[in-house]
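Have a look at the structure below, then the notes.
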2 protein chains.
Amino acid sequence: MTAHVHPHLTKNQALVFGSLTEAEGPLTAYAILDHLRDSGFRAPLQVYRALDKLVEYGLVHRLESLNAFVACSHSGCASHKSAAFAICDTCGQVVEFSPDEAIDLLTNWTQDRGFQLSKTTIELRGVCQKCAAAN
Amino acid sequence: MTAHVHPHLTKNQALVFGSLTEAEGPLTAYAILDHLRDSGFRAPLQVYRALDKLVEYGLVHRLESLNAFVACSHSGCASHKSAAFAICDTCGQVVEFSPDEAIDLLTNWTQDRGFQLSKTTIELRGVCQKCAAAN
DNA sequence: AGTAAACGTGTAATAACATTACACGGGTGC
DNA sequence: GCACCCGTGTAATGTTATTACACGTTTACT
Ligand SMILES: [Zn+2]
Ligand SMILES: [Zn+2]
Ligand SMILES: [Zn+2]
Ligand SMILES: [Zn+2]
């Protein structure tokens, strides 16, 4: 359960993580599969298995509203409790940030009600400044 | 674009909304389809079209982390800016609440960066008090 | 009345996302 | 050797969502 700063990555995990870090944006599991066909990937499960581990290690986040995955911006997310994402619906850019105060408020809400929180999903959809300026 | 308090529902919309209000919990589109076979539903699109409108009217919310839909707890969500959901992974119960302070903080973050926010998703996964007490 | 636009509907086909099941191989500890 | 854990390969299947095309009703304008 302890978060490792430098977990050992298997071959498949390293390939999937590489795809995501090169991408500079979110990728779906099937997009990753397509990128890795030349590296020998054949089936979705190879991608999903690697993603499961990478998410567990905190190296990758799943974007629920996109059914996609993105490399963590902080090279290992042990540093912050929980992440939030601002997603541009025009250009696809994703910005990860750590709204600690907001998360504290949400956490307090759960604690007041005896709800045992295991995962927080915060995703903001909209249009980024750059795209908004470009009209 | 104006939110109507009592939008007129078509036959299919009323059937789908009825399924969700009776359910007392989230349903997937295909679960709704199964419930409504006796009422003449035959294809997923009939459900998705109705859900699109119901979400637009604020009568129904989509839970991104569950790929499911739930009736709004406030009989028309015009009252609150944005909703959050606490979802029990054990019993499936969903509690909708309105963390206005947390949402203000997130909204301020976006405004500071010129991000034009259109939709906020906040979903908390965990175990509810009742299920935690039952061990 | 004619007719065009907007909207809801019905159906089939397909696309996109995710999991289950089974088999195999390499290590580690006994 | 042998059991155990873990990662892997592959096929099949399950689940969620969309595209495409056709039809009918209502409204509004001419
Ligand atoms: Zn992160
Ligand atoms: Zn953008
Ligand atoms: Zn609501
Ligand atoms: Zn529960």
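All chains are named by letter (A, B, ...) in the order of the sequence lines, taking the proteins before the strands, and each is independently numbered beginning at 1. In this text, all values refer to a predicted model and were calculated from it rather than measured experimentally. These values consider heavy atoms only, across backbone and side chains, with no hydrogens, waters or symmetry-generated copies.
In this structure, CG of A:Leu51 is placed 14 Å from P of D:dG7, rounded to the nearest angstrom. As a whole-Å value, the separation of B:Leu33 CG from D:dT18 P is 15 Å. Nucleotide D:dT16 holds its C1' atom 15 Å from the CG atom of B:Leu63, rounded to whole Å. Between the P atom of D:dG7 and the CG atom of A:Leu54 lies a distance of 11 Å, rounded to the nearest Å. Atoms CD1 (A:Ile32) and P (C:dA18) sit 10 Å apart, rounded to a whole Å. Nucleotide D:dG14 holds its P atom 14 Å from the CG atom of B:Asp34, rounded to whole Å. The distance from atom CG of A:Leu27 to atom P of C:dA16 is 15 Å, rounded to the nearest whole Å. Straight-line distance from the CG atom of B:Leu66 to the C1' atom of D:dA17: 16 Å, rounded to whole Å.
Contact annotation: B:Asn67 side-chain N/O to C:dC17 OP1/OP2 distance is not under 4.0 Å. Between B:Lys53 and C:dG8 there is a side-chain polar atom (N or O) within less than 4.0 angstrom of OP1 or OP2.
Screening A:Ile32, A:Leu33, A:Val60 for a side-chain contact (heavy atoms from CB on, under 4.5 Å) involving A:Val16 leaves a single residue, A:Ile32. Each of B:Phe41, B:Phe69, B:Tyr30 was evaluated against B:Val47; a single residue qualifies, B:Phe41, per the side-chain contact (heavy atoms from CB on, under 4.5 Å) test.
Ring planes of A:Phe97 and B:Trp109: parallel class, angle under 30° (limits at 30 and 60°).
In the set C:dG8, D:dT8, D:dT18, D:dT8 carries the atom at the smallest distance from any side-chain atom of A:Thr10.
In this structure, the side chain to side chain donor-acceptor pair (under 3.5 Å) partners of A:Glu64, at least two apart in sequence or on a different chain, are A:Arg62.
Judged as a salt bridge (charged side-chain N to carboxylate O under 4.0 Å, His left out), the pairs with a partner in residues 120-135 of chain B (not counting sequence neighbours) are, in order, B:Asp89-B:Arg125.
Looking at which nucleotide of DNA chain D each of B:Ala31 and A:Gln13 is closest to, the 5′-most match is held by A:Gln13.
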Where do N or O atoms of nucleotides 10-14 of chain C meet protein N or O atoms at under 3.5 Å, pair by pair?
unit_1 : atom_1 : unit_2  : atom_2 : d
C:dG10 : OP2    : B:Asn12 : ND2    : 3.1
C:dG10 : OP2    : B:Gln46 : NE2    : 2.6
C:dG10 : N7     : B:Arg49 : NH2    : 2.5
C:dG10 : O6     : B:Arg49 : NH1    : 3.3

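A distance of 3.5 Å separates CG in B:Leu36 from OG in B:Ser19, rounded to the nearest 0.5 Å.
Across all their heavy atoms, A:Val127 and A:Ala132 have their closest contact at CG1-N, 3.6 Å.
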